[in-house]
Amino acid sequence: MKLLGHHLVVPLPCGALLMRKRSAAVGCALLAFTLIAMFAAHWLGVYPIAADRIVPLMFSGESSVDQLILLDVRMPRILVGVFVGGLMGMSGAIFQALMRNPLASPDVLGFNAGAAFGALLTIFLFGSAVYVFWGAVIGGVLTAVLVVALSWQRGLDLFRLIMVGIGIGFTLLACADFLMSQLDIQRASDMAKWLVGSLGQIQREDIAPLAIAFVVLGALGIVLQYSLDRLAFDEDLATGLGLKVNSLRLLLVAVAVVMTATAVAVAGPIPFVAFVSGPIARQLSKTPSSALILAAGIGILVTLLSDTAARTLVASFQMPTGVFTALIGAPYLIWLLARQAKRNLI
């Protein structure tokens, strides 16, 4: 690692990563806050575990209630929260950079709802969660195709895209509610929590495939970030830089949709994580780039803090994680819509 003007050069096996010093400082701060949030999530809960026992319990061979709760209940939930938050954060940043609009995130555009409906339909048809991942991926992809097709009017109208996406999203959530009405009360109750977005039903088996998806898709997103940032230019200029614009857009949309679908398949359509991560990351780093790594960090931090609040604030009932992410994201959405409307009026 070495300095080059106002940038840090980080050597990688396949080349080098150029990072602004401010972005590197923000990244280090996010890492520190994330580690603190992970420690707090292990510590806090209805069944508190003494802070000085957390690290010894992770490496000791003793069999106790504390170790069972720590390693079999909280740790899988925290790790899944990290991977889900990171995937949603990067996915939102990709869509917002690609469409040059802070409103263009997968949860606002209805892609989260499409993935959720696909996963729920798979469970409803097959009676098990074996194919839920593929149901979520297919649902997210088909929703993306439908939203883009309905928004196309002599080109892609971004405002029309957002309005169509919101409408399709609410329609798919209504269809999901109809499917739940056909289930028994217990399964319908569990699915209702899942549709809000919850880490309460995480199993240890979810960790490995989600970790692989996070590493593979995250690495692919970082590799494509250079091209993504250049696609923000005028299309003719991007083509002049040697970019295959249409192919890159399709590839980036595919990567972002699979990120979203993977996260939704495990934790449900947790709202607003994808929506707020990119803008906050760019605001903190003061960079015009898509800032995918920082967006992933913000997504992780928001998810962890929201899930910890969901587990601890109401002792008698564990609320879905999505309730608290909505408390963070909904005011930001209202402010952003008001700001966009004011600019249009001017």
Side-chain angles (χ1 to χ4, degrees), residues 23 26-38 40-41 77-98 102-109 111-112 115 140 196-199 202 206-207 210-211 213-222 225 228 252 255-285 287 289-310 320-330 332-333 336:
S23 298
V26 172
C28 291
L30 282 176
L31 178 60
F33 282 120
T34 298
L35 292 175
I36 293 171
M38 291 177 70
R77 185 166 178 165
I78 292 166
L79 290 176
V80 169
V82 168
F83 299 137
V84 165
L87 286 170
M88 287 188 168
M90 283 189 285
S91 174
I94 289 173
F95 276 116
Q96 288 163 339
L98 197 59
L103 288 172
S105 72
D107 39 2
V108 175
L109 294 175
F111 301 160
N112 277 16
V196 177
S198 175
L199 302 179
I202 296 302
D206 296 325
I207 297 175
L210 196 57
F214 177 75
V215 171
V216 173
L217 295 172
L220 186 56
I222 292 169
Q225 180 173 326
L228 174 63
L252 284 163
V255 169
V257 168
V258 174
M259 283 180 175
T260 295
T262 303
V264 170
V266 175
I270 301 177
F272 294 114
V273 175
F275 178 63
V276 302
S277 297
I280 292 176
R282 289 191 296 274
Q283 185 64 33
L284 290 175
S285 61
T287 178
S289 74
S290 50
L292 295 187
I293 295 176
L294 298 182
I298 295 293
I300 291 169
L301 193 58
V302 169
T303 304
L304 285 177
L305 292 176
S306 298
D307 186 57
T308 302
T321 309
V323 171
F324 289 89
T325 59
L327 289 176
I328 296 172
Y332 175 73
L333 174 60
L336 188 59

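Fair warning: this is a prediction, and the values are worked out from it, not measured in the lab. Nothing fancy with the numbering, it's 1 onward along the sequence.
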Nearest 0.5 Å please: distance from the [atom1] atom of [X] over to the [atom2] atom of [Y].
| X | Y | atom1 | atom2 | result |
| --- | --- | --- | --- | --- |
| Leu87 | Leu217 | CG | CG | 6.5 Å |
| Leu199 | Leu304 | CG | CG | 8.5 Å |
| Ile280 | Gln283 | CD1 | CD | 9.5 Å |
| Ile300 | Ser277 | CD1 | OG | 9.0 Å |
| Thr303 | Met88 | OG1 | CE | 7.0 Å |
| Ile298 | Arg282 | CD1 | CZ | 11.5 Å |

Let me check something: any side-chain donor-acceptor pairs from residues 258-266 under 3.5 Å, sequence neighbours excluded? List them with distances.
{"unit_1": "Thr260", "atom_1": "OG1", "unit_2": "Ser91", "atom_2": "OG", "d": "2.6"}
{"unit_1": "Thr260", "atom_1": "OG1", "unit_2": "Ala256", "atom_2": "O", "d": "3.1"}
{"unit_1": "Thr262", "atom_1": "OG1", "unit_2": "Val258", "atom_2": "O", "d": "2.7"}

Compare every heavy atom of [Y] with every heavy atom of [X], then report the nearest pair and how far apart it is.
| X | Y | answer |
| --- | --- | --- |
| Met90 | Phe214 | CE-CE1, 4.0 Å |
| Ala41 | Thr308 | CB-OG1, 3.4 Å |
| Ser105 | Gln96 | CB-NE2, 3.9 Å |
| Ile328 | Ser306 | CD1-OG, 3.8 Å |
| Ala295 | Ala281 | N-CB, 3.6 Å |
| Phe95 | Pro106 | CD1-CD, 3.6 Å |

Between Ile207 and Phe83, is the side chain to side chain contact (heavy atoms under 4.5 Å, CB included) condition met? List the steps.
CA-CA 9 Å; Ile207 297 175; Phe83 299 137; 4.1 Å; yes
Do Leu79 and Leu210 come within less than 4.5 Å of each other through their side chains, counting heavy atoms only?
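The answer is no; the side chains never approach within 4.5 Å.
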Below 4.5 Å, heavy atoms only, C-beta onward: do Leu294 and Leu284 meet side chain to side chain?
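Side-chain contact under 4.5 Å: no.
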For a quick test of your reading: what N or O donor-acceptor pairs under 3.5 Å do the side chains of residues 26-33 make, sequence neighbours left out?
none

Checking side chain to side chain contact (heavy atoms under 4.5 Å, CB included) for the pair Ile270/Phe324: CA distance, chi angles, key distance, verdict?
CA-CA 10 Å; Ile270 301 177; Phe324 289 89; over 6 Å; no
Tell me if a side-chain donor or acceptor on Asp107 pairs with a main-chain N or O of Phe272 at a distance below 3.5 Å.
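Yes, because the side chain of Asp107 sits within donor-acceptor range (under 3.5 Å) of the backbone of Phe272.
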By side chain to side chain contact (heavy atoms under 4.5 Å, CB included) - contacts of Leu252 (at least two apart)
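Counting only residues at least two positions away or on another chain, Leu252 forms a side chain to side chain contact (heavy atoms under 4.5 Å, CB included) with Ile94, Leu98, Leu224, Leu228, Leu231.
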